[in-house]
Structure formats: structure tokens, C-alpha cells
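Step one of this worksheet: look at the structure below.
Note on naming: letters A, B, ... go to the chains in the order of the sequence lines (proteins, then strands), and numbering restarts at 1 for each one.
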Amino acid sequence: MEEGPSPGGAAPAEEWLETHGRALGHFVAGTWLKPPGRGTLQCREAATGRLLATVPRGEETDLAAAVEAAATAATRWGGLGGPRRAQHLQRLAAVLERGAAGVGAVAALLGGRPLSQTLGSDLELGLRLLRAPAGWAQLGPPGLGDWGPLGVVAVVTSGPCSVAALLWKLGALLAMGNAAVVLSPPEVALVPLLVAELSGEGGALPPGVLNVVTGTPGLRRALRAHPRVAAVTFLGLRQEEVQDAVWGSPWQGPRLGVTRGGRVVVIVLESADLDSAAAAIVGSVGTPPALFPWGGCVVLAQEGVATPLERRLRDRLGGLRVGDPLNPGTDVGPLPPMAAPPEGLAQAAREEGAEVFQPPVTLPPGGPFYPPTLLTGVAPASRCLREPAPVLVLLPVRSPGEAVTVTSGLPHVAAGAVWAQDVTLALDTADRLPLGLVWVNALDPLDPTGGGAGAGASLEALREFGRPPWDPPRDVGNRPGTLLELSPEPVPGGPAAAPDIAAAVEAARRVALGWGRLSGAARARVLREAAAALGGAGTAGPPQKDGGDDDDGGDDDDGGDDEDGRLRGALLRWAAHVELMGGAVQEVPGGRALVMRRPLGVVGVAWSGPRPLRRALELLPPALALGNGLVVVAPPSGVGPALRLRQVLVAAGLPGGALTVLPGGAENHGATLARHRPDGLWLCGGGTDPDWASVGSVAHVWVPGGILGGPGQEPPPGAEQELELRCTRPRCLCLPAGGP
Amino acid sequence: MAGRNPGTELELGWISKVHVNRPAVVRHAEQIKKWRTVKGNWQAAWLLKAVTCIDLTTLSGDDTPSNVHRLCFKAKHPIREDLLKALDMHDKGITVGAVCVYPARVTDAVNALKAAGCNIPVASVAAGFPSGQTPLETKLAEIKLAVEYGAREIDIVISRSLVLTGQWEGLYKEIRQCREACGEAHMKTILATGELGSLANVYKASMIAMMAGKHLYSESQPLQDSAEAIRYTPVSEAEPSETRRSQQCTGGGGQL
């Protein structure tokens, strides 16, 4: 017996397009902007290629108008205050909910995601991600009380960008008081345009707060001419595309936020519920997750269960329904626009001897449909493991340990899942995975925060779009160095250190894992002993060039005593911090999430440079206390104190490779450090910092700026929290519970 | 009627590797409920199909020949004539799948159906239904008597205590013996999932039942109040596909 068709949901979208005569414009300053004489770009339906509407081909003047409108609106919007902004955002969420049918239909038409997803989980997730920052804005986010907005934020979208992803970014940036300019190519444009139009209804957002400009991807380059754009965030771009769209430097340019998408790795151990695991995996393969749009899934199954799991996967893949995304019964829609069909990948795998299973589903004629694919028996170096693609790859592993090792070696992994009914084993394996988000016995790839816009994750999102009080606003031409303590004069040149950096990073990587795994108490003990040694010893180290010892009065402005005293204080404070630091348990719909902080790994500190940050040495205790390995490239004035600090730490028990100090002379070695791919990069060199293009490959780039306070001052309030966040990365372990 | 399941030898290895993750199953069931719907004519068709799979049942202490009689008439004409005419299905012989009563009422049901002139089988519950807490001898005797009285299907209920104490061999033997006592009649096994304690137990019990040779199984929980409208039993790999289809059809019947 058949199930028959379900009533399609395209009507609301088609109606909306008709009211605009299928020719839309930009949305700037609360109204439609249709500048005359522009070329048009076509928006096509993903499944059939039918022309849906046209949008203008934006040019620099359009972008300039949008940035202008956003800047004007931003001053007023930022000054409204948190609670008023929260009201506006809640109104926006309510309007979107009322217009959900239209938004879901447009997203399904354009992006090819099945309606059951766009209208169901995507929209639900998006609204949650919009309401959570609104809630924080209402309450005043803890610790961010005196943070201000950045100003104008540009959101560059590309590729398969879903409603949830868009609202994720918009919610956070609007709640912090910024105004947004969304740049989208025609394949994606209709969704932000509809959201922007809806935001004007009922005064949900004041005009100019949300602007949308459509154009070709080349329009991104026009952003360079706008220094007023204080931050740029990218949605749906691949890493390579991001590199040629960024400009400026971390020091002087806009802040960059990149969503690093990727695949989900699923580890199935022997005691897993194979049926549920197979159901969940196949459920995700049909539809790439909303926030990790490139899709794909690598399944690592323990050998004993690999064959039964494969059998179940094949059965369930055969049951997927591929078809028109607007049919609520469809499981798999067409490939998203701007995505390459994985046929080449499957072919390459076949040639290498892998087995390619594609269930005999009938694809609708025409349109970029691709059958769901399962690859088994792939070679370890196969392309399908290196590149994310919407296919399922199954690899057998011998033990949970091997699964962790394989996962660590896979590139482009966004999240993971561990299936095992043996709870201790499941939690332990999940703990050892080097991923920020791990589900246990679930695979709910729709939510990067694990089952709900958890409090911690939305706070981090707010931080991304806020300006801390110690970081003054960056006007054009004003270098953010006025509050910093830079060296009074540029220092003379010194020896280069390039080859040593590689070795140092290697050594740090080897050692950092073990150092990070030690308990907080063990690390605290090391720091305390070092602090005692610093205080007790008088002339512990070799004579310094510029005399930073305790004995003499000190030629430095702040005196050797103070420096040692401050270091000692920092060591003791951070020892206490790390002992008391704990994670948090958050109740989220569907279960609970353990939110913990884990060390970044290896952090490169580029301290040398023409005008190095004075007190950068005080950045080292928090980083070490929180379990990172450090490679410090120090200026001539800093090498001595840094080496002395290292000496006391190593004497107290720090593993040798965990802190390496290299002389860096007067050049800024930020770019060199970045080349060796540390997990974090701190630029304390001042002046000619490397630009985004050379350091963009590092995940966590930070310019400490004034966080340590001005000359002779205490660090500003909130600094310790910021340091803690900067030295660690979030780890969210999601434990679903429930069912009656 | 579908072919008979001969059953297999007891393979405890199949049971030992069973793991069921309850929250994942619940989530999956909710997804199915939400997004697989049938509308319009198809909905009507599926509902009619469901009617033909129903065992119309009365299992009350106050059953007498008269209400069993009424039940059998309803079994022959479960849907009102004018509704069927509107659907153009009045001549397709839409009846329920069987009539299910206690063994003491089997004779009445058989006679009533004969008088009504229809061939619907009579199913009898047996094996100490509903609690199953009676000695094996009386369970087998009950089955044999019900078959003698004319029941063509026997719905046995398993001993939950055997499941809860993990006596899988005992369960296998018991179901096997009931199967033999049924003779030619078809046997359905009621697992009473509400009392089995966990989904893993449900899975294992159904595996044992299939190994022992059940033909169809029913998950009804007699007199139990279940919070879920639909119980989703994980489908095992060994299950013959016809059993899977029958499983989807058999449900609790309507009480008269």
C-alpha cells in the first residue's frame, strides 16, 4: 500500500514572491532598495532549476549605502540598552514564528533541504538561538555588563546556509547592540531577505539594524573599503574561500569569526544499540545538519559490530525517500546549491577498491539529486576521508583507543558521537576525543550547543560580538595601542629563530597532551612551587642584559620587584583558579549537557616585534595553569625574565617542552608561528602584526591588548574570566535523557 | 493465512548481544509519528486496512453469550453501511481479522459467527491470561480445550516473571510447549511490554518468542496504562518480513 502524496508547502513562498513580482531588491534601512541600472542575478529552485525570482547584482555603492545605514542605526540601537533590545528580539522571534510557513518554504525551495527539516527542527533551532541571546540581553549577561557593541558587523553568507545558522549569528550580534549587513549570493539570498522584511513588521527591529545586500561572491572584496565594519563573520564558506575574502590584520582590521564546519564522526562501540545508531546515522545522512552544512558522516565501528551495523545501515538507506524537498514525506532533497556532487569521490573510492553502496532509489528526473551513498573498505588515505562530502564512510576500528586516534587524524571534523551502552566506556571515549561537541548515544546534529541553546554557548557568541572595556573603539587610523604598555622605543634587531620554532612546536605538542591531562591540583602544585621559588630566590638566574633582578633598584620603569611580585601573584592566583575551576551541567531540552573547558593545546605567543607588549609575561601563568603548552618568541628585553620564569617552573615540575622561550629579536614572528599550526596564537608584538591572510589558518587568534591593564594598574575586572576563556576551548558533552 | 513459523533451536548468543538505548528509540519513534502522515483517500485506505487487521475483543468478567453475540455481528460489519458505500468499498467484504474472547466464551462466539454466516476465525486468549501466573499444566490444558471448542487462533501470554528473572531457556521451553499444544491453530504471543521493565527485555522476549515458533505477536498491555500511544519495538534482524508486516497490523482490539 502506498502512502500517497502529502499536501505541498510551497504556497506561502510562492505567494510572497508574487507580491514582489518576483523581482526583489536589497533591503537597506528598513525599505527595499532597487537601484536603477543594476544587472540581475537569478534565484533558482534547488530541485528543479526553475527560476524563482531575481535579485540585483550589488555594487560597491549599494554596499556603501548599507554600511552607512547600519552605522547610523547602530549608534541608536547600541544605546537602547539590553532590556529594550531584548524586547525587540523577542518580537522578531514572534514574527518569524508566525511567518514560519513562508520562511520554511523559501528555505526548502532555494536550498533543497526537505521541508520537514526547515519547517521543523531548523526553524525551532533558529528561534531558540534567537531567543537565548535575547534572554541574556534582558538579564544583562554575567561578566559582560560593561562590554559595548562593536558597531557594524558584516555577515557573509555562502553555500548552503540555513535559517538556523543565520539566526544564530544575527541573534548574538543584535543582542550585543550591533547592526548587521548581510551579504549573500543569489543562491542563498531569499532567506535573509524574507527575514529582513519580516523584521520590519510590527517594529520588530528599527530600520537599518538589519540590512541585506545581494551580489556575486566578488562583492565581498568591497568590504575592504569600509573601515567602519568592525567585525566580519562567515557562514557556510569553506576554509579556502575564507582566506581570499579576509583583509586587514587582527591588530588593526575587523574581527573575524568563521564557522568551521565539517563532518560528524560517529564511534560505535561493541555495547551499542546498533538499531538506534543506524537509525540516527541514516537520519543525518539524508539531511546535512543545519550548522555543519557540508554534511557527511564518518562511522568508526568496533570490529565485532561493524558487519551487523553495515547490514542495518544498508537496510535503512534503502528506506530513504529522495524527492521534492517540498513534500513533507521526503527524507533527502537535492544537493544544496554550490555543492559539488560527490560522484567523483565515489568513483575515486571505487578505483581504490572500496565498496560503494547506493540503494536502488528512484531519483526524480532532472535536478541535482544524488542517491545516499555508503562507502566501505576505503583506503586510509582516500579522498573521501580527507574531504567532507555528503556521503557515509564506514571504517572498522579495533578498540575505543584506536577510534580516538583515527578521529584525531581526520581533518574537517565538527562534532562527534559515541554510541555505547557501557556508560563508563562511553564517557571515557567521549572525553578523549579532541572535539568541542560530543554526543553520547545520540546524534542530533542540528544543534551545535547540544540539545539546546545552552547558556554557555550563547554567552560565548555574545562575547564574539562585544567589545570589552579594556579594548577601546578602533577608529580609522587610531591604533589600539594607546592603553597598552609598549616599549618606549623600538628595540634593535636580533637573531632570527625560524628553524627552532618548528622543533619547539613539535616538542610542545608532544608534551601538552600529558600536561593538560593532569588534574588541576597537580598543575596547581607546580605553579605554587614555582611561585615560592620566585619569591624566595634572589638571584636565581644568570645576569640579565637589561637588569630585571630583584637586587638592584632596577632600571625598568616598573622595577624588578614589582615584576616578580606580579608574576608571583599571577602564579598563585591561577593555581587557585585551576584547582577550583569546574565545568557546569546544563539542563537542556532533551537531556543535559556537561560543559567543560579543555586546554587549547599548543599556544604560540608572538611577543617579539617592534613594540612588544610589556607585561606579556603575565599571560603565561594562566595559559600554563590551564594545561596548554607554550612556545614564546620573546623580544630581547623579555627573553631573560621569560627564561627565568621557565627555570623556576621546570624546577617545580613543569615538563620541559611545555614552555619554550625563543629569542625573536625585533621581528614579529606571528606568521612563522602560524605556519606551524599551533592551536592558538597570541599576538603581543604590536605594530606590524601579520595580517589575517597569514594567520587565519589558526583557530584561536587573539590580540591581548589592554587586558593586563595599563602601567602600574591592576587588571580590569572581567580580565581573569576573559583569560580563562582565551586559554581554553569549550567541550560540550551531551547526554540525552528522557522518554517517559 | 500466512505461512507458519517453524521456529528454531534456542540460540542464547542472539540474546546476549542485545542493547537498547531508550532515549534514542523514543526520539526515533517521535520522528516517525511527526513526519510520516497519510492524508485524504490514502488515510481512508490505511484506516480500512487497519480495521481488517483488528482482533475485535471482549475480555471482561461480565461477558455473557449475549454480548459475545453482539460482538460477532459487529465483527462482520465493523463499519456502517452508508460510510462504506460513500467510500465505494461496500462490496469488498471488509470485516475484522478475528474475534477474541476468553476460552469459556469460545463456543458462543463460534456459534454466533456460524449463524451470521461468516468465516472470521475465533481467537481465544489462553495460558493464564491476563496475568500468566498459573502452572504450566493448566496453561497447556487451557490451550487444548480452547482449540477443541473451535478456536482457530490462540493468544498466549508469556510469564513475565521468567523474563524479569532472566530465565530465557524456561521461557523458550514454555512457548514451545504452548505452540505444540496449539496444534493446527495459529499462535500469537502477547508480550505485555508494559510489565517487562525495559526495552531490552522486550527485544529479548520477542526474539525468544520467534525462536520458539510464534506466528504473530502482539504487544498489547492488558489493563496497563501506557503513557505512549505507540510502542515502537525495535525490529530484530532475524524477524521474517511477513511477521514484521503482521506486527504492524495487529493491535489491541476494541472493547464492546
Side-chain angles (χ1 to χ4, degrees), chain A residues 1-8 114-117 119-121 268-283 304-305 307-309 311-312 315-316 319 321 327-331 417 419-423 426 439-444 451 590-591 734-740, chain B residues 13-14 16-53 194 198-200 202-204 206-207 224-239 241 244-245 248-249:
Chain A
M1 285 184 61
E2 317 166 345
E3 285 183 26
S6 307
L115 193 68
S116 55
Q117 298 293 326
L119 210 50
S121 15
V268 179
L269 300 176
E270 250 173 5
S271 62
D273 177 0
L274 295 177
D275 289 299
S276 298
I281 294 170
V282 168
V305 294
T307 322
L309 182 67
R311 194 168 41 224
R312 285 167 166 84
D315 280 342
R316 286 184 187 269
R321 292 172 291 183
N327 184 344
T330 311
D331 298 311
W419 285 83
Q421 288 296 105
D422 179 346
V423 64
W439 288 280
V440 175
N441 282 324
L443 183 59
D444 202 6
C734 307
L735 307 171
Chain B
W14 291 354
S16 59
K17 291 198 200 145
V18 168
H19 305 277
V20 178
N21 186 275
R22 192 196 172 90
V25 170
V26 168
R27 263 199 311 273
H28 192 57
E30 269 165 24
Q31 288 281 52
I32 296 180
K33 262 197 287 186
K34 206 163 150 193
W35 288 111
R36 294 185 86 127
T37 56
V38 280
K39 296 272 183 270
N41 281 352
W42 285 267
Q43 190 178 18
W46 278 93
L47 286 172
L48 285 176
K49 181 77 178 173
V51 166
T52 62
C53 294
S198 71
L199 285 183
V202 171
Y203 198 113
K204 294 179 191 179
S206 54
M207 290 288 290
Q224 294 291 331
D225 178 38
S226 163
E228 277 176 45
I230 297 179
R231 279 274 175 174
Y232 175 66
T233 300
V235 177
S236 78
E237 53 176 333
E239 189 172 281
S241 57
R244 195 182 307 178
R245 278 201 300 279
Q248 286 169 354
C249 291

Open item on the list: Please classify the contact of A:Ala272 with chain B as side chain, backbone, both or neither, using a heavy-atom distance under 4.5 Å.
Closed with: backbone
TODO: Might you point out which heavy atoms bring A:Ala279 and B:His28 nearest each other, and give the distance in Å?
DONE: CB-CE1, 3.6 Å
Open item on the list: Heavy-atom cut-off 4.5 Å, strictly under: side chain, backbone, both or neither for B:Ala45 against chain A?
Closed with: both
Open item on the list: Under the rule for side-chain hydrogen bond (donor to acceptor under 3.5 Å, both in side chains), what residues qualify as partners of A:Asn441, not counting sequence neighbours?
Closed with: none
Open item on the list: What I'd like to find out is whether the side chain of A:Asp273 reaches to under 4.5 Å of the side chain of B:Leu199, using heavy atoms alone.
Closed with: no
Open item on the list: For A:Ser276 versus B:Asn21, what's the shortest heavy-atom pair and its separation?
Closed with: OG-O, 4.1 Å
Open item on the list: Which heavy atom of B:Arg27 sits nearest to which heavy atom of A:Pro736, and what is that distance?
Closed with: NH1-CB, 3.4 Å
Task: Results of side-chain hydrogen bond (donor to acceptor under 3.5 Å, both in side chains) for A:Glu270 - residues two or more places apart only - done: none
